[in-house]
**Q** 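Please see the structure below; I have some questions.
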There are 4 protein chains.
Amino acid sequence: MSKTPDLKPRKSPTQARAAETVRIILEAAARILEARGLAGFNTNAVAERAGVSVGSLYQYFPGKDALTAALIQRDGEVLREEMAAAARLPMARAALSGMIAAAVGHQLRRPILARLLDIEESRLPLGEQQDEKTKELQDLLDQVLARVDLPAGLSADTAGADLFAIVRGMVDHAGSRGEVDATDLQHRVERAVFGYLGLA
Amino acid sequence: MSKTPDLKPRKSPTQARAAETVRIILEAAARILEARGLAGFNTNAVAERAGVSVGSLYQYFPGKDALTAALIQRDGEVLREEMAAAARLPMARAALSGMIAAAVGHQLRRPILARLLDIEESRLPLGEQQDEKTKELQDLLDQVLARVDLPAGLSADTAGADLFAIVRGMVDHAGSRGEVDATDLQHRVERAVFGYLGLA
Amino acid sequence: MSKTPDLKPRKSPTQARAAETVRIILEAAARILEARGLAGFNTNAVAERAGVSVGSLYQYFPGKDALTAALIQRDGEVLREEMAAAARLPMARAALSGMIAAAVGHQLRRPILARLLDIEESRLPLGEQQDEKTKELQDLLDQVLARVDLPAGLSADTAGADLFAIVRGMVDHAGSRGEVDATDLQHRVERAVFGYLGLA
Amino acid sequence: MSKTPDLKPRKSPTQARAAETVRIILEAAARILEARGLAGFNTNAVAERAGVSVGSLYQYFPGKDALTAALIQRDGEVLREEMAAAARLPMARAALSGMIAAAVGHQLRRPILARLLDIEESRLPLGEQQDEKTKELQDLLDQVLARVDLPAGLSADTAGADLFAIVRGMVDHAGSRGEVDATDLQHRVERAVFGYLGLA
DNA sequence: AATGAATGAGTGTTCATTCAT
DNA sequence: AATGAATGAACACTCATTCAT
């Protein structure tokens, strides 16, 4: 077995300058990923693009994987907020539509980045912290699903996982096909989701 | 820009022994991928596992990416055959079910391998050859879809791509969740597919 | 805690060329140590001095520490043989003299190298293999000490350890003072050893 | 060739607070050395342990080696005083015993630190200052040796160097073996020293 | 054809040292 | 004077690929 890498940020930047440096590094990492893919994603390139030294990068992240993990975390932040907002809508159908819209919007905003982070997320041992985040999303979905009539034989858990997979699969694929029309994609994903749930 | 790598096998194995060697190398590559992931997938490890020298490996494949490409190709062979057989079924609904069964069966047979090859496939410039294979599948799907009443506003092309994405997303996710019950998964994918098509 | 490094050679060279490469690398490592000290002892420098690539070095040694360990092992080989030969002398006093001569000769042959390897030996977790080697020496010494009248209150173990320390301390220091006269040094070490044992 | 580093403390701490800071830094350095060895001995770790910033550390020491040198200097201070006191004893034999006791006590107080500083001392170009300190010790030893009948063929210089080496070798080794009984070690070192001098 | 030793560019990471605040 | 963020040269180690045997 290989040793599990440290994925927690190394130091919380106390000074304003340091926080800004972290932000710059993360954005540089995102751009490198988008421009050169996983193969071209290395710490020296990120540091150079960020206009800082490698040393600075390692002041804030204990290793490459921790940088990736932070990027995944940052990337999911907005998504989770939009999802939570959508889940609060009173009508279940509207809530689901809103959650789909959040996923679609998130993916189409930076499709390449989203796809690569998905891949990396499945590779990294993100630990409790990320599990919590995922669980949070899962819970939101479960709450909404509890308000619809699920078809016989489907548990909320399984249905949640499937919907997750359907939405991610469709938006990833749309992203890789170069789609940019969010409205159209939204409709199709709704077809699949509501069809799956028998709410068509 | 980096030069696009040569992905065609270096020599057509005219002799039976050579074909056998190629087979052994490919299976070794598959097992390394499954056991060690993309990070542990390197030519020296594959050659050692295959019981041949690196030199021999490079006799049959011009580079690492060509090896990966051949693996993707091999991996899709059976899937395409089963898909084609299913597409020949007279009833459109049965044909779709059969195609889903092929996809589900393929993924659950070697879930880790299937997932990693999906990732690599999206990274490699597979060229005409693979495009043809994908187009073949797309055509099969189009033919079947031509025999159902597509909902308004959906082209066969788009619907095909979406179904592809739905199925792949669901089976990938099921694979990574450790599901092994093909029948159950089959039902759920059918829900999504027929739901999407309005055939529920 | 830091992970204990792998200190065993990576592969036993099967071909003659490979064995020669290993020999060349070890001698280059020795010369780098002598010329630049521990601070200048790095794998790139060793490889360059050896006239091979770093890659070759890592074919045979899993890491820098393994290289050092192999050097320690090689360095002790001749010493152990000479010690064993001396221990076989029938007269205990002659045996001790012979063992001192072996230690003195060993140290004066390559004084800087011997000193630095002593330092590294104390730092590395050499494991059973080396413990055996040291135990072998200790056993030789014990056997010889069993044939002399030890002063009251001295166990063979303690006496052995002390003699070891006396000899090593004196020859190390002589080496670092630049002494080259083995005969003179031999006499003085004998003074200390026989004096310690009350055999003056 | 590399330039010889500046080993003198950067500023004479005129203020009491500065002197205290220096003391704290030195003790932190000692503890880091003991706890993490030479490999873990770095200026950032020392500063953190000392509770000061690296910047402050560099206010008082022009570089890492200067810090080490100061530590060596501090470490020898007490030893030299005790040695000088012992050398003033009227009976030569008692003086030697006292000097041995000083060395043994010094080593057993902080065995790991003593050993590592010995190693570093042999690596650093300590310059006149330290030479003087060593010479001071050597002189003390010479004065005492002048009061005993040296065996034929031994100069006071050589004898002094040998005794130094014997004592250091024995106490270093005892330290690394984990010995803690100062009285026992004292007896054995005396055996060696007086035996060497023919005063048994 | 096969072998496997050899290559070396590339990458992750550390740490002594500097300097803006 | 003090801080600690930033620097970047240096180094351990990997692995795709080549080539002498």
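Labels below follow one simple rule: chain letters A, B, ... track the order of the sequence lines, proteins then strands, and each chain is numbered from 1.
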**Q** Does a side-chain N-to-carboxylate-O contact under 4.0 Å join A:K64 and A:E120?
**A** no
**Q** Using Watson-Crick or G-U wobble geometry with both distances under 3.5 Å, which nucleotide pairs with F:dA10?
**A** E:dT13
**Q** If you compare every side-chain N and O of A:S53 against the phosphate oxygens of F:dT7 (OP1, OP2), does one of them come in below 4.0 Å?
**A** yes
**Q** Check whether any side-chain heavy atom of A:F41 sits under 4.5 Å from a side-chain heavy atom of A:L116, and report yes or no.
**A** no
**Q** Does a salt bridge link C:R74 with C:E77, judged by any charged N lying under 4.0 Å from a carboxylate O?
**A** no
**Q** Does A:D65 reach the side chain of A:D6, with side-chain heavy atoms less than 4.5 Å apart?
**A** no
**Q** Could a donor-acceptor pair under 3.5 angstrom be found where the side chain of C:Q59 meets the base of E:dA5?
**A** no
**Q** Taking only Lys NZ, Arg NE, NH1 and NH2, and the carboxylate oxygens of Asp or Glu, determine whether D:R23 and D:E20 approach each other closer than 4.0 Å.
**A** yes
**Q** Give none if E:dA5 has no partner; otherwise give the nucleotide forming a Watson-Crick or G-U wobble pair with it, both distances under 3.5 Å.
**A** F:dT18
**Q** Rounded to the nearest Å, what distance is computed from the CG atom of residue B:L67 to the P atom of nucleotide F:dC15?
**A** 15 Å
**Q** A:K64 NZ to F:dT14 C1': how many Å, rounded?
**A** 13 Å
**Q** B:S56 or D:V54: which one's nearest nucleotide on DNA chain E is closer to the 5' end?
**A** B:S56
**Q** Using a cut-off of strictly less than 4.0 Å between a heavy atom of the residue and any atom of DNA chain F, enumerate the qualifying residues of residues 28-35 of chain A by number.
**A** none
**Q** Tell me whether the OP1 or OP2 atom of F:dA6 has a side-chain N or O from A:Y58 closer than 4.0 Å.
**A** no
**Q** Which comes earlier along DNA chain F counting from the 5' end, the contact point of C:G40 or that of B:A39, where each point is its nearest nucleotide?
**A** C:G40
**Q** Rounded to whole Å, how long is the line connecting atom CG of D:L57 with atom P of E:dC15?
**A** 15 Å
**Q** How long is the line joining CZ of D:F61 and P of F:dA1, in whole Å?
**A** 14 Å
**Q** Measure from the side chain of D:Y60, starting at C-beta and using heavy atoms only, and say which of F:dA2, E:dT17, E:dA5 lies closest.
**A** F:dA2
**Q** Does any part of the side chain of C:I25, heavy atoms only, come nearer than 4.5 Å to the side chain of C:V46, both counted from C-beta?
**A** yes
**Q** Kindly give the heavy-atom pair with the smallest separation between B:N42 and B:A45, and that separation in Å.
**A** OD1-N, 2.8 Å
**Q** Tell me: CD of C:E20 to P of E:dA5, nearest whole Å?
**A** 15 Å
**Q** Does a nitrogen or oxygen in the side chain of B:T43 sit under 4.0 Å from OP1 or OP2 of F:dT17?
**A** no
**Q** Without decimals, in angstroms, what is the distance between B:N44 CG and F:dT17 P?
**A** 11 Å
**Q** How many Å lie between CG on C:L38 and P on F:dA12, as a whole number?
**A** 12 Å
**Q** Nearest whole angstrom, please: distance from the P of E:dA1 to the CZ of B:R17.
**A** 9 Å
